[in-house]
Amino acid sequence: KVRDWGLDWSLHSYISWIVYFLERVYEKSTDLRRDKLSKFEYKNILLTGAAGALGEQLRETLSQKCNLLRISDKTNLDKKFDNEEIKQADLSSAEAILNLTNDIDCVVHMGGQSIEGSWDNVLNSNIIGMYNLYEGCRKNNVKRVIWASSVHTVGFYPRSEVIDNKVMPRPDSNYGLSKVFGESLAQYYWDKYKLETVSIRIYSCVAEPKDHRMLSTWLSYNDLRSLVISCMNTSNVKHSIIFGVSNNNSILIDNKYSKHIGYNPKDNGEEYRKIIEENDGFIDSKDPLVTTHGGYFASAGHFDDDWIYLD
């Protein structure tokens with residue numbers, strides 16, 4: 001028997017009470033840690049590529065998550081929301097990007113060359129421009145970058161191979177090669193300067209799937225917005241890579257190493273299968289569109305040789 005506070009307790013009861021007490025202490029400490037690791041509050045957000053298709057889809061959502069939403073593109077923009085601030089800038093200008101990232105907490109980078117292009121265009125927008133962006137973020141103490149990487153970093157993997165974010169890059173184009181550079185840059189700036197990044201390998205982000213490949217690779221606009229917000233809200237991302245696809249029945253990727261981001265896609269490309277099959281018929285399994293993750297990017301020749309690229 002163990003006597004405590006005038007009560008006779010059996011040893012078993014006493015041990016049970018101690019276990020219960022320690023469990024409550026642990027739960028309380030976990031709650032406190034969770035509070036400390038809850039989502040960051042980003043007062044000022046920069047959205048690049050705001051005139052593009054994806055940037056346009058993100059403006060309203062991001063404007064609701066901050067005090068100031070600075071929007072930028074090479075082309076002219078019109079103000080849509082009260083807390084938007086417009087700044088025109090070219091990624092290839094280090095001075096312009098340094099000024100653009102001043103007083104910013106989080107960058108959502110949808111700018112740059114968004115499709116295959118000549119080497120000069122890809123170099124200036126996605127390699128020099130990406131370096132300028134990260135240098136601006138480093139010098140201005142930006143907390144986090146969330147940016148549009150691409151399926152084309154791994155475009156040469158066969159469709160039959162479901163991949164995760166640990167596989168080696170296999171870029172399928174000038175564009176894909178530039179995105180590999182961007183992911184390496186993001187890792188370098190985390191390792192050396194502790195600038196956090198989420199690299200989103202976007203597959204096919206369009207209003208609805210257009211072809212047989214997109215039944216597997218589709219990322220809906222709603223899921224894009226959900227994914228970006230998840231990337232903002234989650235704690236301690238270091239440099240994380242996540243595949244940007246919706247909740248399709250047929251998928252080519254496994255996001256098992258990015259579960260910490262908390263992305264839960266809702267839309268499903270399967271809903272469009274009947275329409276696609278009625279319009280296009282059934283596709284030959286040897287068609288380059290569906291033999292690799294990158295589709296026609298992987299089968300096309302060099303951009304400067306007058307090939308036509310379809311994403």
Side-chain angles (χ1 to χ4, degrees), residues 53-54 112-119 121-122 126 148-184 199-221 223-224 227 241-258 265 267-311:
L54 304 191
Q113 179 85 13
S114 61
I115 57 174
E116 177 64 317
S118 69
W119 177 246
N121 286 343
V122 171
N126 291 5
S149 184
S150 172
V151 52
H152 299 295
T153 58
V154 290
F156 267 113
Y157 279 94
R159 174 186 169 83
S160 58
E161 189 169 344
V162 175
I163 63 173
D164 57 44
N165 63 10
K166 302 292 187 183
V167 301
M168 291 291 292
R170 292 179 66 179
D172 57 18
S173 51
N174 291 340
Y175 170 73
L177 185 63
S178 74
K179 295 297 186 176
V180 173
F181 171 82
E183 290 183 1
S184 296
S199 298
I200 305 175
R201 286 180 177 168
I202 294 175
Y203 269 56
S204 305
C205 192
V206 291
E208 58 186 49
K210 300 176 182 178
D211 55 39
H212 287 273
R213 174 175 171 269
M214 290 189 187
L215 293 174
S216 301
T217 63
W218 184 48
L219 173 64
S220 71
Y221 289 148
D223 284 335
L224 169 69
L227 175 52
I241 297 173
I242 186 169
F243 293 101
V245 295
S246 285
N247 189 32
N248 307 315
N249 283 8
S250 171
I251 56 173
L252 311 181
I253 58 86
D254 187 345
N255 268 328
K256 62 185 177 183
Y257 294 118
S258 48
D267 294 322
N268 190 338
E270 196 67 22
E271 298 172 8
Y272 297 87
R273 180 177 293 277
K274 184 177 180 180
I275 296 172
I276 290 171
E277 289 178 348
E278 286 176 351
N279 292 339
D280 299 343
F282 293 93
I283 194 167
D284 187 332
S285 62
K286 296 180 181 179
D287 190 313
L289 179 67
V290 293
T291 56
T292 62
H293 283 237
Y296 289 142
F297 270 53
S299 61
H302 197 284
F303 180 85
D304 292 329
D305 293 339
D306 297 324
W307 285 80
I308 296 176
Y309 281 77
L310 299 172
D311 195 5

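Just so you know, these numbers come straight off a predicted model, no measurement behind them. The figures that follow rest on heavy atoms only: side chains count, while hydrogens, waters and symmetry mates do not.
- Closest approach of Arg201 to Asp164, counting heavy atoms only: NH1-O, 4.5 Å.
- Under 3.5 Å, the side chains of Tyr296 and Asp287 contain a donor-acceptor pair of N or O atoms.
- Here the shortest heavy-atom pairing between Pro265 and Val245 reads CB-O, 3.9 Å.
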Between Trp218 and Glu270, does a side chain to side chain contact (heavy atoms under 4.5 Å, CB included) hold up when you go through it step by step? CA-CA 10 Å; Trp218 184 48; Glu270 196 67 22; over 6 Å; no
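- The two residues Pro158 and Arg170 have their closest heavy-atom pair at CD-NH1, 4.2 Å.
- Using a 4.5 Å heavy-atom threshold, the side chains of Tyr203 and Ile253 count as touching.
- Asn165 places a side-chain N or O within donor-acceptor distance of the main-chain N or O of Ile241, the cut-off being under 3.5 Å.
- When side chains are defined from C-beta on, Thr292 does not count as touching Asp172, because their heavy atoms never get closer than 4.5 Å.
- Judged by distance alone, the side chains of Ser216 and Arg159 do bring a donor and an acceptor atom under 3.5 Å apart.
- Taken to the nearest 0.5 Å, the CZ atom of Phe156 stands 12.0 Å off from the CZ atom of Phe297.
- Taking CE of Met214 as the reference point, atom OG of Ser246 lies at 12.0 Å (rounded to 0.5 Å).
- Here Leu215 contributes atom CG and Ile251 contributes atom CD1; the two are 13.5 Å apart, rounded to the nearest 0.5 Å.
- With His293 contributing its side chain and Ala298 its backbone, the two residues share no donor-acceptor pair below 3.5 Å.
- Remark: Leu227 CG to Ser258 OG distance equals 9.0 Å, nearest 0.5 Å.
- The shortest side-chain heavy-atom distance between Asn126 and Tyr175 falls under the 4.5 Å cut-off.
- The distance from the CG atom of Leu219 to the CG atom of Leu224 is 5.5 Å, given to the nearest 0.5 Å.
- Contact check for Ile202 versus Leu54: side-chain heavy atoms found under the 4.5 Å cut-off.
- Nearest heavy-atom pair, Lys179 versus Ser150, reported as atom, atom and distance to 0.1 Å: CG-CB, 3.9 Å.
- The shortest distance between side-chain heavy atoms of Thr217 and Leu252 falls below 4.5 Å.
- The line from CE of Met168 to OH of Tyr157 is 7.0 Å long, rounded to the nearest 0.5 Å.
- Residues passing the salt bridge (charged side-chain N to carboxylate O under 4.0 Å, His left out) test with Glu277, sequence neighbours excluded: Arg273.
- Here the side chains of Asn174 and Glu116 are in contact, with some heavy-atom distance below 4.5 Å.
- For the 3.5 Å distance criterion, the side chains of Ser199 and Glu183 fail to qualify, holding no donor opposite an acceptor.
- When all heavy atoms are compared, the tightest approach of Ser173 to Gly176 is OG-N, 3.0 Å.
- Panel note: side chain Asn248, backbone Gly269; a donor-acceptor pair is recorded below 3.5 Å.
- Ile276 is listed as a side-chain neighbour of Pro209, based on a closest heavy-atom distance under 4.5 Å.
- For the pair Asn279/Tyr272, no side-chain contact is recorded, criterion being any heavy-atom separation below 4.5 Å from C-beta on.
- Contacts of Asp254 classified as salt bridge (charged side-chain N to carboxylate O under 4.0 Å, His left out), with partners at least two apart in sequence or in another chain: none.
- Nearest heavy atoms, Ser204 versus Arg213: OG-NH1, 3.4 Å.
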